[in-house]
Amino acid sequence: SEMCIRDSINAEYGAAPSGINTESVSASLLKIPGVVDIHDLHIWSIAHERTSLSVHLVSDEHVDVLSLAQKVLEEKFNIMHHTIQVDSVSMGSTQCRMALCGK
């Protein structure tokens, strides 16, 4: 079908799957208490109607932020396959990208 073709093309080029608004995901993660920044947000399709996500959250409240982020992704966006890294505020997103994350 046309939807399967579009999803395949999006997956090939690293685009977020149709129906997932990257800006909305980003804004929702930034609203989590304790999150001061996010970076390296990637959303892609791993199978038809299965979405995967990876992101770095900047916060000093690691456990709480991680738990809340998982809940937001699963309940609001139906993203069940996610990898979330929480970077401390002292590291910040710029230092993480340059020194540790290779981005």
Side-chain angles (χ1 to χ4, degrees):
S1 76
E2 183 179 324
M3 181 179 259
C4 287
I5 292 169
R6 182 176 53 237
D7 288 348
S8 295
I9 291 169
N10 284 344
E12 181 69 27
Y13 291 101
S18 59
I20 300 288
N21 182 307
T22 304
E23 289 81 20
S24 180
V25 173
S26 178
S28 294
L29 292 172
L30 282 168
K31 287 181 184 175
I32 295 171
V35 173
V36 298
D37 194 14
I38 71 165
H39 60 95
D40 296 325
L41 172 63
H42 305 283
I43 306 170
W44 67 98
S45 196
I46 56 176
H48 184 65
E49 296 189 22
R50 282 195 64 197
T51 302
S52 185
L53 173 144
S54 66
V55 66
H56 290 226
L57 306 177
V58 179
S59 176
D60 283 334
E61 300 173 32
H62 294 13
V63 175
D64 294 335
V65 162
L66 180 60
S67 174
L68 289 170
Q70 291 168 334
K71 184 175 182 175
V72 165
L73 294 172
E74 292 170 4
E75 294 180 4
K76 185 170 184 178
F77 299 100
N78 197 33
I79 300 174
M80 303 300 178
H81 188 266
H82 39 71
T83 302
I84 303 167
Q85 178 172 321
V86 182
D87 302 322
S88 67
V89 173
S90 64
M91 281 300 296
S93 59
T94 302
Q95 288 182 6
C96 176
R97 276 191 222 117
M98 293 172 55
L100 302 174
C101 306
K103 303 265 181 199

For this session: State which residue, out of Val25, Val36, Ile38, fulfils the side chain to side chain contact (heavy atoms under 4.5 Å, CB included) condition with Leu30.
Result: Ile38
Exercise. Which heavy atom in Ser59 sits nearest to a heavy atom in Gly34, and how many Å separate them?
Worked result: OG-O, 2.8 Å
For this session: First locate atom CD of Gln70, then atom CG of Leu53, and finally report the distance between them rounded to the nearest 0.5 Å.
Result: 11.0 Å
Problem set entry | From CG (Asn78) to CZ (Arg50), nearest 0.5 Å | 10.5 Å
Problem set entry | Closest non-hydrogen atom pair, Ser26 against Leu41 | CB-CD2, 4.0 Å
Problem set entry | Nearest-0.5 Å distance, CE of residue Met80 to CD of residue Glu75 | 8.0 Å
Exercise. Which value, rounded to the nearest 0.5 Å, describes the distance between Thr51 atom OG1 and Phe77 atom CZ?
Worked result: 11.5 Å
Exercise. Say you draw a straight line from NE2 of His82 to OG of Ser52; how long is it, rounded to the nearest 0.5 Å?
Worked result: 9.0 Å
Exercise. Is the backbone of Val63 close enough, under 3.5 Å, to the side chain of Ser67 for a donor and an acceptor to pair up by distance?
Worked result: no
For this session: Flag yes if more than 12 heavy atoms outside His62 fall under 6.0 Å of its NE2 atom; otherwise flag no.
Result: yes
Seminar exercise, completed: When rounded to the nearest 0.5 Å, the distance separating CG of Leu66 from CD1 of Ile84 is 5.5 Å
Problem set entry | Closest contact, heavy atoms only, Val72 versus Ser28 | CG1-CB, 3.9 Å
Seminar exercise, completed: Taking every heavy atom of Ala69 against every heavy atom of Ile32, the minimum-distance pair comes out as CA-CD1, 3.5 Å
Exercise. Closest approach of His39 and Val55, non-hydrogen atoms and distance?
Worked result: O-CG2, 3.7 Å
Exercise. What closest approach, in Å, do Gln85 and Asp87 show between heavy atoms, and which atom pair accounts for it?
Worked result: NE2-OD1, 2.7 Å
Problem set entry | Any donor-acceptor N/O pair, Asp60 side chain to Val89 backbone, under 3.5 Å | yes
Exercise. Hey, are the side chains of Val35 and Leu29 touching, using non-hydrogen atoms and a 4.5 Å cut-off?
Worked result: no
